[in-house]
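Following: one structure in structure tokens, then a few remarks.
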Amino acid sequence: MKEKKVVIDVEGLTKCFGAFKAVDNISFEVFQGEIFGFLGANGAGKTTAMRMLCGLSLPTSGKARVAGFDIYKQSEQVKRNIGYMSQKFSLYEDLTVMENIRLFGGIYGLSHKQIKEKSSELIETLDLIEVSKKLVAALPLGWKQKLAFSIAILHKPQIVFLDEPTGGVDPITRRQFWKLIYKATSESITVFVTTHYMDEAEYCDRISMMVDGRIKALDSPQNLKMHFSASSMDDVFLRLARKAQRQAE
Amino acid sequence: MRVILFLLRKEFVQIFRNRMFLPMIFAMPLVQLLVLPLAANYEMKNIVAVVVDHDRSMVSQQLVEKIAASGYFRIHAYPTSFDEAFSLIEGDRGDLILEIPKDFESRLIERGGSSVFIAVNAINGIKASLGGAYLRQILTSFSSELRERQMPVAAFPPLPLIRLKTSVRFNPIMSYRHFMVPGFLVLLVTIISTYMCGLHAVKEKENGSIEQINVSPVKKYQFILGKLIPFWILGVVVFSLGLFVVARWVYGILPVGSLLLLYAYLLLYLVAMLGLGLLVSTYCHTQQQVMFTMFFFMMIFILMSGLFTPIESMPRWAYLIACCSPITYFTEVARMVILKGSDFSHLHIHIGMMSFFALLFNSWAVINYKKTL
């Protein structure tokens with residue numbers, strides 16, 4: 001295996017809410033261009049961990065570098081170099097497709113010309129030509145999610161964080177969504193994704209399994225299945241998650 | 001700077017796209033400005049008087065006519081007994097009772113004096129005290145008229161008398177509306193700007209879009225300016241509509257003082273109040289919470305602002321609270337500049353206090369709007 005560039009470097013990251021340790025001393029590395037799956041039951045601490053890496057939440061302790069920048073001291077640079085798509089749809093529903101693209105393009109410092117090019121390219125690939133002047137609220141969920149992803153990588157970030165991007169989306173759109181993800185990795189964007197779909201887990205290069213705020217396993221899907229002598233990722237998940245002490249929220 | 005322009009564009013698109021926003025911003029204040037000053041009036045008219053006239057003489061007739069002609073009173077009924085009259089008061093169909101005794105006229109003529117009885121319904125304190133005072137005034141002037149008529153003037157040396165000559169400044173026709181309209185103008189601008197700005201800002205939290213902004217390189221002050229500037233402009237537009245359209249054409253009020261000064265103060269005031277709106281929104285998570293929190297502050301700020309009741313006559317502690325309300329200062333400034341023509345040198349304290357509020361609310365809002373939630 002050739003030497004890979006580390007884009008996320010986490011060491012002993014912890015987040016406490018009072019006495020409750022939502023994320024308990026996790027450490028891992030993510031390499032450039034890979035699809036890193038972040039799995040775990042509801043309430044295992046995935047979203048909390050991801051929010052700390054995006055600068056939305058301050059860690060209680062531990063170290064982390066994202067895109068080469070320290071999350072404490074260089075949060076502005078971190079923000080410039082990442083894209084983020086939250087669990088809850090968070091584009092502006094009362095703006096049109098075009099207006100959303102223009103706004104986020106502008107926020108990330110794209111020039112008017114770049115915004116124009118990017119948006120027409122994006123609208124074409126996503127097949128949104130007919131609805132580009134419609135309010136985002138009027139789009140079906142699957143389209144919204146694809147649009148949200150495209151906007152998250154509009155400024156060509158080094159890493160994109162996706163928090164359950166395909167929750168509630170139909171299988172066909174999910175497949176299209178993963179095509180977009182692959183396309184992004186081919187442009188050397190690193191993808192950090194949480195999901196509850198085990199078929200999607202199989203698409204990842206490497207997977208970490210979180211149980212009760214800790215990382216219990218981290219390897220490629222192939223190796224994980226071998227290690228746990230399981231036939232599918234479903235089995236791996238069940239074996240690990242069953243040991244959880246925490247009740248799912 | 002470029003980021004702010006993109007944010008502003010977005011805010012304006014959202015504001016003008018919202019079907020509820022524009023009517024709320026423009027129609028509501030204008031309608032209120034047309035209705036409220038006409039209705040909110042402390043002059044007491046239509047005080048319902050119940051007259052129990054046991055005498056039924058010429059003089060008692062004249063007295064009742066004089067009361068009815070004063071314009072303050074409406075004679076509601078002529079019951080035959082005090083008990084009957086009292087039941088009218090109890091049923092809230094009368095505000096005061098005037099009882100004229102049986103030998104009213106004859107005592108006046110024979111003994112040169114008589115008395116009447118007034119009973120006032122004091123549930124509404126203002127109405128009661130004013131009504132009582134008006135009635136006493138009428139009775140006094142009636143008795144001196146009687147005296148002049150009965151006694152030949154030459155028989156007495158002229159009564160020593162101090163004549164009053166009044167000149168009314170600043171509001172020569174003593175119109176209550178002239179006093180209230182500038183106040184209501186302030187009130188409407190306040191409600192529009194503060195509420196709308198707070199609601200609009202917290203909407204981002206409600207629908208989750210603030211997350212997308214928070215992971216982006218947008219800075220706190222940029223986001224806050226993006227929220228503030230549109231409502232700053234709208235506030236000026238609403239104020240101008242009220243001042244140049246309603247106040248001028250409906251009430252005939254022309255600002256006596258400098259418009260420049262008035263608008264400069266308005267801009268400063270809007271910065272302060274928009275800051276308050278944003279501050280509230282940083283503590284709230286839903287529009288409902290903003291509404292209730294804002295309602296609490298607005299009730300206190302408005303009722304204690306001197307808009308309706310002069311703050312000088314409040315108890316000391318209440319006066320101190322009134323001094324902490326930004327609305328107090330702008331209400332005063334609006335009245336001073338519009339009605340009196342006060343200039344910059346009279347407004348040092350007002351400008352100082354408002355700058356303090358603007359700085360306080362806005363820096364507090366920026367600090368409390370945490371990007372790391």
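It should be emphasised that the depicted structure is a prediction, and the values quoted were computed from it without experimental measurement. The chains referred to below are lettered A, B, ... by the order of the sequence lines, with proteins before strands, and numbering in each begins at 1.
- More than 12 heavy atoms of other residues, nucleotides or ligands shown are found within 6.0 angstrom of CD on A:Gln114.
- B:Met291 CE: 12 or fewer foreign heavy atoms inside a 6.0 Å radius.
- The CG atom of A:Asn100 lies 10.0 Å from the NZ atom of B:Lys10; values are rounded to the nearest 0.5 Å.
- Put simply, OG on B:Ser216 and OH on A:Tyr84 are 12.5 Å apart, with the number rounded to the nearest 0.5 Å.
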Worked check of side chain to side chain contact (heavy atoms under 4.5 Å, CB included) between B:Gln14 and A:Glu99: CA-CA 11 Å; B:Gln14 285 181 312; A:Glu99 285 164 347; over 6 Å; no

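- A salt bridge links A:Arg51 with B:Glu211: the distance from a Lys NZ or Arg NE/NH1/NH2 to an Asp or Glu carboxylate oxygen falls below 4.0 Å.
- Within 6.0 Å of the CD atom in A:Glu130, the count of heavy atoms belonging to other residues, nucleotides or ligands does not exceed 12.
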Evaluation steps, side chain to side chain contact (heavy atoms under 4.5 Å, CB included), between A:Leu56 and B:Val215: CA-CA 7 Å; A:Leu56 284 174; B:Val215 290; 3.5 Å; yes

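- Distance check, rounded to the nearest 0.5 Å: CZ of B:Arg9 to CG of A:Leu103 gives 10.0 Å.
- The residue among A:Lys88, A:Arg102, A:Arg80 with the most heavy atom pairs within less than 4.5 Å of chain B is A:Arg102.
- A distance of 8.0 Å separates CG in A:Leu110 from CZ in B:Arg2, rounded to the nearest 0.5 Å.
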B:Asn214/A:Lys79 under side chain to side chain contact (heavy atoms under 4.5 Å, CB included): CA gap, chis, key distance, verdict: CA-CA 9 Å; B:Asn214 282 342; A:Lys79 284 174 180 175; 5.6 Å; no

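- Under a cut-off of 6.0 angstrom, the local environment of CZ in B:Phe297 is sparse, with at most 12 non-hydrogen atoms contributed by other residues, nucleotides or ligands.
- Scanning all heavy atoms of the two residues, the minimum distance from B:Val3 to A:Ile107 falls at CG2-O, 4.0 Å.
- Nearest heavy-atom pair across B:Gln212 and A:Ser90 is OE1-OG, 2.7 Å.
- The local environment of CZ in B:Phe295 is sparse, with at most 12 non-hydrogen atoms from other residues, nucleotides or ligands closer than 6.0 Å.
- The shortest side-chain heavy-atom distance between B:Val13 and A:Tyr92 does not fall under the 4.5 Å cut-off.
- Nearest heavy atoms, B:Arg17 versus A:Leu135: NH1-CD2, 3.5 Å.
- Between B:Lys203 and A:Glu93, no side-chain nitrogen of the basic residue sits less than 4.0 Å from a carboxylate oxygen of the acidic one, so the salt-bridge criterion is not met.
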A:Ile115 and B:Phe6: CA distance, side-chain angles, deciding distance, side chain to side chain contact (heavy atoms under 4.5 Å, CB included) verdict: CA-CA 12 Å; A:Ile115 293 173; B:Phe6 275 100; 3.8 Å; yes

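- When the shell of 6.0 Å around CH2 of A:Trp178 is examined, it contains more than 12 heavy atoms from other residues, nucleotides or ligands.
- In the displayed structure, B:Phe12 atom CZ is contacted under 6.0 Å by more than 12 heavy atoms of other residues, nucleotides or ligands.
- When heavy atoms are compared at a cutoff of 4.5 Å, B:Gln222 does not approach chain A at all.
- Rounding to the nearest 0.5 angstrom, the gap separating the CZ atom in A:Phe89 from the CG atom in B:Asn207 is 10.0 Å.
- Within a 6.0 Å radius of CZ in B:Phe292, no more than 12 heavy atoms belonging to other residues, nucleotides or ligands are found.
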